[in-house]
Asks: 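Let me begin by handing over the structure; questions about it come next.
Residue numbers begin at 1 in each chain, while the letters A, B, ... track the order of the sequences. Everything quoted here is computed from the prediction, not taken from an experiment.
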Amino acid sequence: MTHAEESATTLEATVLEAPEIRRVLTRIAHEVLEQNKGADGLVLLGIPTRGVALAHRLAERIAEVEGSDVPVGALDVTMYRDDLRHHPVRSLERTDLPPDGIDGRTVVLVDDVLYSGRTVRAALDALANLGRPKAVRLAVLVDRGHRELPIRADHVGKNLPTSLAERVSVRLVEHDGHDEVRISRPVGGAR
Amino acid sequence: MMRHLLSAADLDRDEAVLVLDTAEQMAQTQHREIKKLPTLRGRTVINLFFEDSTRTRVSFEAAAKRLSADVINFSAKGSSVSKGESLKDTALTLQAMGADAVVIRHGASGAPHRLATSGWIDSSVVNAGDGTHEHPTQALLDAFTMRHHLVGNREHGAAAGQDLKGKRVTIVGDVLHSRVARSNVLLLHSLGAEVTLVAPPTLLPQRVDAWPCATSYDLDASLPEADAVMMLRVQRERMNAAYFPSAREYSRRYGLDARRLRLLQDHTIVMHPGPMNRGLEISADAADCERSTIVEQVGNGVSVRMAVLYLLLAGGEREEVSR
């Protein structure tokens, strides 16, 4: 089967739609506040590209609930990845830290999909070079399993058991014009 | 991204912008307490310098080390090269040492090209200045500095993705002996800037009319239009006296001094690739003035070289693209 034929016979299903994504983020915002006992000392760091948009949305929810602004930043982990040699070179995304930094704060890393855990490992290395947070937590929109490292998320929007052959794609208004999480799998392909 | 960086002309507009954007992120990491990144751990970069250039070598060395690569400095002086070893035999030695990148400075134009295309080595080759030919990373750091000031208003990230379209750059002085001028003309043209070379007729190359730029003999006339003015070093070591009547005469006609500074627009920046001959091509007033980016250029050199090494070396052997 050629590559073109293979992609022509792909099954796609929507697993999260816009209203659900909204509800899930509201829940995560509440969980973060509950665990931290308020918004004091929190910093939200999104992992580019879609984690950054999610971090900003979480900060908005927290501001609605708590009435206080939580600093938001972006943390590009490309230069800390251990698999750079196995992929074509990637362009770097922005890293922007809040002006007060991360020392002594509780950093919540925000990403769209948690998969092998290697991105999060790279993020922990990056954080260690940037300062010394009081604690680091992880919030993800989707956990699709297949971890290769002992890493687990503190806040999960949706657990999504997948096979390795499946693809999870997160689309967000900020980047794609609409909110949606889709799962796709090749049909009749080798398993 | 390609495998080697031999000429500023190797980079098209999008590739040049990619290098500048990457350098911008690299520059951010250089403000941190811990400047070192693990990105190129296990890779080996060899600085192969057949000509003295402490500034460029140290800049490449800092860049490679900040990315955790192993750096070997190979200076031709005192090595077997001074005993008559050929470039080929040197290359085979470097290959045997497992070099992933060779940064080469050579007095002969075209030596880096020879090294990259001869099949003697597998590694990436970066031209760190060859004869009077090219110095592409210097051009990249100049473009980076211009973009930061003229497009991004000195704000981090504000110039991301953008080129230098419509910006006017005046490059002044010894164009004939300058690899910096040639690389700058090629790169700035790709980035959409308009370049004017200003020099005495004796210091312009014969075929300069084929370069994508304008030329002039009149510095005063071209200063008010410029967004950036780049003074070139008068390369006394390459010159016999015949190129211009006297240092005093050169300085009077082509030197940047306090009077000429006043001809510039408010936003115009003053650049110099260093090392400077103070009082010859640039006066102390001009070198130390607020609009001078000369010291900043040195720092930007490290960021730009980090970007080039990252883009040449960080990717894998182009195996799979999944995930």
Asks: Does A:D176, at its CG atom, have more than 12 non-hydrogen atoms belonging to other residues, nucleotides or ligands within less than 6.0 Å?
Replies: yes

Asks: How long is the gap from OH on A:Y80 to OG1 on B:T39, to the nearest 0.5 Å?
Replies: 7.0 Å

Asks: Just checking B:E290: does its CD atom have more than 12 heavy atoms from other residues, nucleotides or ligands closer to it than 6.0 angstrom?
Replies: no

Asks: With a sphere of 6.0 Å drawn around CD of A:E17, does it hold more than 12 non-hydrogen atoms of other residues, nucleotides or ligands?
Replies: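 At most 12 heavy atoms, drawn from other residues, nucleotides or ligands, come within 6.0 Å of this atom.
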
Asks: Within a 6.0 Å radius of atom CZ on B:R32, are there more than 12 heavy atoms belonging to other residues, nucleotides or ligands?
Replies: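 Buried by this count: over 12 neighbours within 6.0 Å.
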
Asks: Rounded to the nearest 0.5 Å, what's the gap from CG on A:N129 to CG on B:L37? Could you check?
Replies: 7.0 Å

Asks: Please say whether more than 12 non-hydrogen atoms of neighbouring residues, nucleotides or ligands are located less than 6.0 Å from NE2 in B:H189.
Replies: no

Asks: Got a sec, which pairs hit salt bridge (charged side-chain N to carboxylate O under 4.0 Å, His left out) with one end in residues 148-163 of chain B, sequence neighbours left out?
Replies: B:R13-B:D163

Asks: Between B:L18 and A:S91, does the side-chain contact (heavy atoms from CB on, under 4.5 Å) criterion hold? Intermediate values first, please.
Replies: CA-CA 7 Å; B:L18 172 66; A:S91 42; 3.6 Å; yes

Asks: Are any non-hydrogen side-chain atoms of A:R94 and B:H156 less than 4.5 angstrom apart?
Replies: yes

Asks: Can you tell me which portion of A:L130 sits under 4.5 Å from chain B's heavy atoms? Options are side chain, backbone, both or neither.
Replies: side chain

Asks: At a heavy-atom separation under 4.5 Å, does A:D96 approach chain B through its side chain, its backbone, both, or neither?
Replies: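 When you check distances to chain B, only side chain atoms of A:D96 fall under 4.5 Å.
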
Asks: Verify the neighbour count for atom NZ of B:K36: are there more than 12 heavy atoms of other residues, nucleotides or ligands below 6.0 Å?
Replies: yes

Asks: Would you check if A:M79 and B:M26 make a side-chain contact, meaning some heavy-atom pair closer than 4.5 Å?
Replies: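 Counting from C-beta outward, A:M79 and B:M26 do come under 4.5 Å.
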
Asks: Of all the heavy-atom pairs spanning A:R85 and B:R41, show the shortest one and how long it is.
Replies: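 A:R85 and B:R41 have their closest heavy atoms at NH2-O, 4.0 Å.
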
Asks: Would you find more than 12 non-hydrogen atoms of other residues, nucleotides or ligands less than 6.0 Å from A:R27 atom CZ?
Replies: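 Yes.
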
Asks: Only one of A:L92, A:T78, A:V89 forms a side chain to side chain contact (heavy atoms under 4.5 Å, CB included) with B:T22, so which one is it?
Replies: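 So the option named by the test is A:L92.
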
Asks: Report which part of A:A128 has an atom under 4.5 Å of a heavy atom belonging to chain B: side chain, backbone, both, or neither.
Replies: backbone

Asks: Is it the side chain or the backbone of B:T29 that comes within 4.5 Å of chain A heavy atoms, both, or neither?
Replies: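 Only the side chain of B:T29 comes within 4.5 Å of chain A.
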
